[in-house]
Amino acid sequence: MSNETSNVSFLKTNQTFEAEAMVIGSILQDADLLATCVLDVSDFQNPKNQIIFTALRKMEDEQEPIELPSLVMALEDSLDTIGFDYLVDAMDAVITTGNFNFYVDKVRESSKSREAKRLALEFAEDNLTIDELLHQLTALELGKQVGESQTMKEIMTDMFRDLSTEKDLITGIRSGFSELDYMLDGFKGGELIVVGARPAMGKTAFVLNLGKNISIGGIGVSLFNYEMGTLQVGRRLFASIANIKTKNLSNGSRMSPEHWETFAAHAGSAADMPINIHKATGMTTRMIRQAIIQDRKRFERDYGTKEHIVMIDYLQLIASTNPTDNQNQRVSEISRDLKVMAQQLDVTIILLSQLSRGVEQRQDKRPMMSDLRDSGAVEQDADVVMMLYRDEYYNPESIDRDTVEVIVTKQREGATGTVKLLFQKEFGKMLSHTEPEYV
């Protein structure tokens, strides 16, 4: 045992707790160390140390002096749990702050070990695929960085290499709508795409057409619908494929011989689409995650595809794990969960959302990003925000009849603008105005 800790018997029982206390004691001796510390609260195992480090970070954010008296005040009632002697002993244990980074590394390694065990358990419980496990273990091994940096020389070299690599014109997953693909460069893994619309604008039809177009390219599609059963969703999807009205597909007595002939002509190809439809009533984000992982395994096994896209209809109906939260808190938590899920699973999540009634009070009914309902956090989490608008719904004499406007109001890495799609409402079918149906 080193001399630094020989006079602090309560630290000896656990090497991780000892290292954590040495980090805290060093910071209390030299406040400048906190700014260089790469640890997060989650890296600490001892609940006492978690409380102390949380208080230190808050003091840092509020530009309060990082010293023992200020920390005592910041801890307030938590001091009774921690004990003033604990703080004093942690400071006294540190003979020199020169070993600060050594103890930071020990805390970080212990944290990584605990996280690796957690990931292994997730894999054992079938909540992670082997690819996802390896990806997350690799990311864990890289560790936390204060921030990525490159010289301009390195950046220009990477840029030239990237530009010199031959690529498809559209690098992401194609939507089947050429103008939209050109604007968005396709859908990419890790993205959260939010689609907002008022009722009767065609948001469910839009997402079903996206699913249809994407699956025709051999890419797996997971559809989660919180309002309809799987048969209802499947019926609407098939209507857009076969050009048969939904009301005919819901009642065999309305099916003419021509309808049955058309049905037979398209049934086989529809059955072969890599689409899995979930009746999502009551599903939480954790349940969605588990279903996505199962779908991914199924698509790879049955269709040989690792590419996958997720569509959820709609945000405000997703079940919360904390029923005591108000609507805004609930939506914010769900939005953040889905963004993290998209990144961890490297999948695109397309999330439908309601819009506030404020749209109806304006002369121009075209929605804006601020119309997203209960969802200030959604604007922040989303990589792309699209709004749907049908002018003929509000203006029956509109020159834009049978048209849906897809208004891209936010795109982190690209332009905003409007793409118009042809909408064959009787079939729930959408087509590009300028290109064939599938590109």
Side-chain angles (χ1 to χ4, degrees), residues 32-40 42-43 57 60-61 100-101 104-105 108-109 111-112 115 131-194 214 217 219 305-310 335-336 338-351 369 377-386 406-419 434-435 439:
D32 291 339
L33 293 175
L34 184 58
T36 67
C37 185
V38 298
L39 297 175
D40 290 335
S42 60
D43 289 318
R57 285 298 194 199
E60 180 185 37
D61 292 341
F100 177 72
N101 288 332
V104 167
D105 288 344
R108 181 65 189 132
E109 286 303 313
S111 174
K112 286 164 63 176
E115 178 63 10
D131 288 342
E132 290 161 353
L133 176 65
L134 293 174
H135 174 76
Q136 293 195 38
L137 286 174
T138 300
L140 183 63
E141 183 60 29
L142 291 175
K144 289 184 173 67
Q145 303 296 326
V146 175
E148 180 184 3
S149 67
Q150 284 185 296
T151 65
M152 276 305 296
K153 181 177 181 180
E154 292 169 331
I155 291 171
M156 294 308 297
T157 300
D158 287 348
M159 191 185 304
F160 178 77
R161 185 182 298 114
D162 185 60
L163 290 171
S164 301
T165 303
E166 187 173 344
K167 297 179 181 177
D168 190 2
L169 179 63
I170 306 299
T171 59
I173 294 174
R174 291 173 178 255
S175 70
F177 304 127
S178 56
E179 291 180 80
L180 187 62
D181 288 335
Y182 187 79
M183 182 177 290
L184 301 181
D185 194 28
F187 300 127
K188 304 171 191 69
E191 287 186 334
L192 177 63
I193 313 289
V194 174
I214 290 168
I219 294 167
T305 179
K306 291 187 177 181
E307 288 190 285
H308 187 195
I309 198 163
V310 176
S335 168
R336 188 60 192 156
L338 292 174
K339 174 57 184 174
V340 171
M341 189 188 306
Q343 292 175 323
Q344 290 180 339
L345 301 182
D346 192 30
V347 66
T348 305
I349 295 180
I350 299 177
L351 176 64
M369 191 156 58
V378 177
E379 297 179 34
Q380 179 64 32
D381 294 332
D383 297 281
V384 176
V385 176
M386 297 186 283
V406 182
I407 307 167
V408 179
T409 58
K410 175 186 176 181
Q411 186 179 185
R412 285 195 202 279
E413 298 185 0
T416 58
T418 299
V419 171
T434 57
E435 291 288 340
V439 294

Between atom NE2 of H308 and atom NZ of K306, what is the distance when rounded to the nearest 0.5 Å? 14.5 Å
Flag the pair K112 and E115 as a salt bridge only when some basic side-chain nitrogen lies within less than 4.0 angstrom of an acidic carboxylate oxygen. no
Might you point out which heavy atoms bring K188 and D185 nearest each other, and give the distance in Å? NZ-O, 3.2 Å
Here the pair of heavy atoms bringing S111 nearest to D43 is OG-OD1, 2.7 Å
Looking only at atom types and distance, does a side-chain atom of K410 sit under 3.5 Å from a main-chain N or O of M369, one as donor and one as acceptor? no
Test side chain to side chain donor-acceptor pair (under 3.5 Å) applied to N101 - qualifying residues, sequence neighbours left out: none
Minimum heavy-atom separation for Q380 to R412, with atom names? O-NH2, 2.6 Å
Hits for side chain to side chain donor-acceptor pair (under 3.5 Å) against K339, two or more places apart or cross-chain, chain-then-number order -> D383
Identified side-chain contact (heavy atoms from CB on, under 4.5 Å) counterpart of V408 within the set L180, T418, V419: L180
Where is the tightest heavy-atom contact between G190 and Q343, given as atom of each residue plus distance? O-CG, 3.7 Å
About how many Å separate OG1 of T409 and CE of M386, when rounded to the nearest 0.5 Å? 9.5 Å
Quick check: closest heavy atoms across S335 and V378, and the distance to 0.1 Å? OG-CA, 3.6 Å
Which heavy atom of R57 sits nearest a heavy atom of L34, and at what distance? NH1-O, 3.1 Å
Taking atom CD1 of I350 and atom CZ of F187, what is their separation to the nearest 0.5 Å? 4.0 Å
d(L338 CG, L345 CG) to nearest 0.5 Å is 10.5 Å
According to side chain to side chain donor-acceptor pair (under 3.5 Å), who are the partners of T348, at least two apart in sequence or on a separate chain? none
Identify whether the distance between the nearest side-chain nitrogen and carboxylate oxygen of R108 and D105 falls below 4.0 Å. no
Spacing of I219 atom CD1 and I173 atom CD1 [to the nearest 0.5 Å]: 4.5 Å
Interatomic spacing from CD in E179 to CG in L184 - rounded to 0.5 Å: 11.5 Å
